[in-house]
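Structure first, then comments.
Lettering follows sequence order; numbering is per chain, from 1.
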Number of protein chains: 2
Amino acid sequence: MHTIHQKFEISYSYSVFFTQNIFSPENPVLANFLNTFGAGDFQRKALFVLDEGFVSHYPQLQENINRYFTLGNTSIRLSGPMLVVPGGEAAKNDPALFDEIVRAIDEQGIDRHSLVVAVGGGAVLDLVGYAAAVSHRGIRHIRIPTTVLSQNDSGVGVKNGINYRGKKNFLGTFAPPVAVFNDSTFLKTLDDRDWRGGISEAVKVALIKDEAFFTWIEQNSAALASRDLPTMEKLIHRCAEMHTEHIRSGDPFEFGSSRPLDFGHWAAHKLEYLTDFQVRHGEAVAIGIALDSVYSWKVGGIKEPDLKRILDLFEKLGFRLFNEKLSENDKINLRQGLSEFREHLGGRLTIMLLSAIGRGVEVHEMDDALIAESVDYLEKHYL
Amino acid sequence: MHTIHQKFEISYSYSVFFTQNIFSPENPVLANFLNTFGAGDFQRKALFVLDEGFVSHYPQLQENINRYFTLGNTSIRLSGPMLVVPGGEAAKNDPALFDEIVRAIDEQGIDRHSLVVAVGGGAVLDLVGYAAAVSHRGIRHIRIPTTVLSQNDSGVGVKNGINYRGKKNFLGTFAPPVAVFNDSTFLKTLDDRDWRGGISEAVKVALIKDEAFFTWIEQNSAALASRDLPTMEKLIHRCAEMHTEHIRSGDPFEFGSSRPLDFGHWAAHKLEYLTDFQVRHGEAVAIGIALDSVYSWKVGGIKEPDLKRILDLFEKLGFRLFNEKLSENDKINLRQGLSEFREHLGGRLTIMLLSAIGRGVEVHEMDDALIAESVDYLEKHYL
Ligand SMILES: NC(=O)c1ccc[n+]([C@@H]2O[C@H](COP(=O)([O-])OP(=O)(O)OC[C@H]3O[C@@H](n4cnc5c(N)ncnc54)[C@H](O)[C@@H]3O)[C@@H](O)[C@H]2O)c1
Ligand SMILES: NC(=O)c1ccc[n+]([C@@H]2O[C@H](COP(=O)([O-])OP(=O)(O)OC[C@H]3O[C@@H](n4cnc5c(N)ncnc54)[C@H](O)[C@@H]3O)[C@@H](O)[C@H]2O)c1
Ligand SMILES: [Zn+2]
Ligand SMILES: [Zn+2]
């Protein structure tokens, strides 16, 4: 009896809109999208899930959203009470929050033609995206990221996830949103650490792909460090553009082993754990990039002046480039991160290093002694 | 700042292999697949999850699988102890089983380049497929379906899921397997109800798409009813072929409202619930098809002789075509199934009816009184 061969393609598309004051009644960006999306002869509904840490700075938020949907002539209506969930990594550590969102999807009658809208930092977007992706085998979701990191990186991508059994993002899916709305006005209330943190993802894409962008960040490092919003908008736009371009032209659902955008991330992930998330993602990424840049220099990938440019940029931006946990236990704790990284991805170890500023290069092994020396270098200069 | 437009395609492919005695050391089908799949310079592993109700009939199963991997020269090795989970709907009702599988994936170090292999009925395949799909954002999985229904329908498709808050398949994803192996020898131990049940899915695809196949089933109804294995193999092959073809040429991840393969299923799903799953899926589908066929006749879609052919075929195959729960509470309980069906899919109500044997037609409303009359018809003839 002959073998049956199955083969098909699924096509995804979404837009990342840039706007200000998204819920102001005069701003048509969201309403326009909803009205195109919502065409049809049945009522679509939207369930909002909000980041508590964000809401605390915008006490009028729920009222504004309600008003937007009442006045806004959107063809989509709110499905019921909005959910507010804790922000930050706590959102991804507590399975009860996943249940809460799934329950609301059920109780508020959100079906596969309705929407879940997540408003918040990367952690809340990851949680909500996951809950939506597995409810009814996939509820469409909109992301309204409210941090630098989520506006230029996590929120414009295709991944979601929650932590499980102490492993970061152990449960999750690839599930593109139907739209992303980046509202720069929301960034004003970020604390300095989160304002700064997200910049490291921009430095990352610049380093592996675009020297001109790296130079632009250098030239604008003072403005960025002093919280100039228009400069930050430009940084976010370019970073989001490179990020989405990379996904599109690469391996969006990561079937292979290569993950160039994870430059600096093997050490970053481990450091987040070793510090019990006291070091935040973007901060850890800065250290991870610094470490892998030193390593790249040690193996002859980049020259010393380039290394210096990289480390100086991070310093100007206000990043700390060393953390005690890096050298703890004779660096063995840190180095375990390498095998954990391979395990999470599976397959062959594949690590991005630099061969120049603006040019990444993949390697398949890293030398323990050189990693240790790179840690020592950072310790010596940045302790 | 200009809007960023993202767009990409993901391509999926897998084969459905037909074989006998898949774990016999002489049978190369599985080993051949694993060896092609497993090429590369790192060790891939496979975690087996087995259906307890199935294993109880094959006490040597684990030993045979172990032997196959030891002798078989497969480039992939077993990752550790196999899991055995309860079969039938219980598999999808108990969230602890989901956790158990995810935990094993973690503890046995199954990464995105390794495999989870599910062996069992549709319920176990749905559970395992879901757990694999969300672990590490998507572990590849192989299905070895062991019931008629899972070999000709659920196991060759792209969906998985578990029940949640009393709602069937509330949590789940679309996640194609990397391969499916249909071993007909496994069907010998099915009880009569499960042997028969899966045939209704073949009648379903025949009715909506292929009159010649329907006639073939009629001609072979006696052989099927008397458990002739070669006839069943042919039925399964043709049904699986039509099923995969339909997915490929349609809307594999069901972004739209149309679900032709759900012919007869709105009532079937409701009946499963109303009987607390005492009526099994395939049995419920037979009744659901009978009901929608009577309804199709009542609205002038099919002629009376065609209706008679359909009902006679189900009778010859041994199906019961009425259940008391259909008329309970003045049929209101049953009719609620229609709005629940719409809600699960979302969007516009879309129901498949018949315009001829071999030709389905979609409608967007059903008349309450006519549904009640159709139930009365079945009650009168088949109580
Ligand atoms: N899915 C992906 O592809 C991907 C990629 C990178 C990172 N991530 C994840 O993103 C998470 C980090 O996201 P993040 O950096 O956005 O931080 P975050 O979500 O942890 O938020 C940080 C804090 O800022 C608060 N907050 C959010 N918006 C605010 C605002 N406008 N003003 C004031 N406070 C605000 C939050 O409540 C929280 O307390 C991590 O869990 C990381 O794993 C995901
Ligand atoms: N994913 C999909 O697209 C899809 C489609 C249709 C149905 N389904 C699901 O499939 C499930 C029904 O699957 P099913 O009909 O295969 O039944 P099942 O999985 O419920 O199994 C029925 C019983 O047979 C036992 N069993 C399995 N194989 C056996 C064998 N070879 N010999 C003896 N006993 C055996 C099981 O332990 C169980 O007790 C339902 O949960 C239904 O929702 C899923
Ligand atoms: Zn990152
Ligand atoms: Zn079915």
Side-chain angles (χ1 to χ4, degrees), chain A residues 1-18 40-42 102-103 106 109 111-114 130 133-138 156 159 161 164-165 167 169-174 176 233-234 237 240-241 244 247-249 252-255 257 342-348, chain B residues 1-18 40-42 102-103 106 109 111-114 130 133-138 156 159 161 164-165 167 169-174 176 233-234 237 240-241 244 247-249 252-255 257 342-348:
Chain A
M1 218 156 303
H2 76 262
T3 301
I4 296 172
H5 298 290
Q6 176 68 307
K7 184 167 169 39
F8 56 83
E9 255 118 56
I10 305 291
S11 135
Y12 294 95
S13 67
Y14 60 93
S15 296
V16 183
F17 300 92
F18 294 82
D41 49 2
F42 51 90
V102 172
R103 192 159 358 113
D106 183 17
D111 61 38
R112 288 234 293 267
H113 295 265
S114 287
Y130 177 55
V134 299
S135 294
H136 288 301
R137 298 202 185 98
V156 304
K159 297 193 261 187
Y164 182 74
R165 290 168 56 81
K167 307 231 170 165
N169 300 325
F170 193 88
L171 295 179
T173 69
F174 291 89
E233 285 174 356
K234 289 196 194 94
H237 191 277
E241 190 173 53
T244 48
I247 291 172
R248 177 162 65 244
S249 58
F253 287 6
E254 297 173 9
F255 294 133
S257 304
R342 192 207 63 79
E343 222 177 75
H344 182 67
L345 302 190
R348 203 173 167 196
Chain B
M1 218 157 300
H2 75 262
T3 301
I4 296 173
H5 298 289
Q6 175 70 305
K7 184 168 169 39
F8 56 82
E9 254 118 55
I10 305 290
S11 131
Y12 293 95
S13 67
Y14 59 92
S15 296
V16 183
F17 299 94
F18 294 82
D41 49 2
F42 52 89
V102 172
R103 192 159 358 112
D106 183 17
D111 61 37
R112 288 235 294 264
H113 295 266
S114 287
Y130 177 54
V134 298
S135 295
H136 287 301
R137 297 203 186 99
V156 304
K159 297 192 261 185
Y164 181 75
R165 291 168 54 80
K167 306 232 171 164
N169 299 324
F170 193 88
L171 295 180
T173 70
F174 291 90
E233 285 173 356
K234 289 193 195 97
H237 191 278
E241 192 173 50
T244 48
I247 291 171
R248 178 163 64 244
S249 58
F253 287 6
E254 297 173 6
F255 294 132
S257 305
R342 192 206 65 78
E343 220 177 76
H344 182 67
L345 303 189
R348 202 173 165 195

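Only the backbone of A:Ala133 comes within contact range of chain B, judged by heavy atoms closer than 4.5 Å. Neither the backbone nor the side chain of A:Ser114 comes within contact range of chain B, judged by heavy atoms closer than 4.5 Å. Using a 4.5 Å cut-off between heavy atoms, B:Val156 does not touch chain A at all.
Taking B:His5, B:Glu233, B:Lys167, B:Arg248 one by one and counting their heavy-atom pairs under 4.5 Å with chain A, the maximum is reached by B:Arg248. Chain A forms more heavy-atom pairs under 4.5 Å with one residue of B:Arg342, B:Arg103, B:Lys234 than with any other, namely B:Arg103. Comparing A:Gly161, A:Pro176, A:Pro252, A:Gly138 by heavy-atom pairs within less than 4.5 Å of chain B, the highest count is held by A:Pro252. Each of A:Lys7, A:Glu9, A:Arg112 has some count of heavy-atom pairs under 4.5 Å with chain B, and the biggest count is that of A:Arg112. Of the residues considered (B:Tyr14, B:Phe17, B:Phe255), B:Tyr14 shows the highest number of contacts with chain A, using heavy-atom pairs under 4.5 Å.
Side chain of B:Gln6 to main chain of A:Ser13: no donor-acceptor pair is present (N/O by atom type, distance under 3.5 Å, no hydrogens or angles). With hydrogens and angles disregarded, no donor-acceptor distance shorter than 3.5 Å links the side chain of A:His136 to the backbone of B:Gly172. A donor-acceptor pair under 3.5 Å is absent between the side-chain atoms of A:Arg137 and the main chain of B:Asn169, judged by distance alone.
Under the 30°/60° scheme for interplanar angles, the aromatic rings of B:Phe253 and A:Phe8 are found to stand perpendicular.
B:Arg165 meets the salt bridge (charged side-chain N to carboxylate O under 4.0 Å, His left out) test with A:Asp106, A:Glu107; sequence neighbours excluded.
Here the shortest heavy-atom pairing between B:Val134 and A:Thr173 reads CG1-CG2, 3.9 Å. The minimum heavy-atom distance between A:His2 and B:His237, with the atom names listed, is O-NE2, 2.7 Å.
Interatomic distance, A:Ile10 CD1 to B:Ile10 CD1, rounded to the nearest 0.5 Å: 9.5 Å.
Between B:Leu171 and A:Ser135, some side-chain heavy-atom pair lies under the 4.5 Å cut-off.
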side-chain contact (heavy atoms from CB on, under 4.5 Å) assessment of B:Tyr164 paired with A:Val102: CA-CA 9 Å; B:Tyr164 181 75; A:Val102 172; 3.2 Å; yes
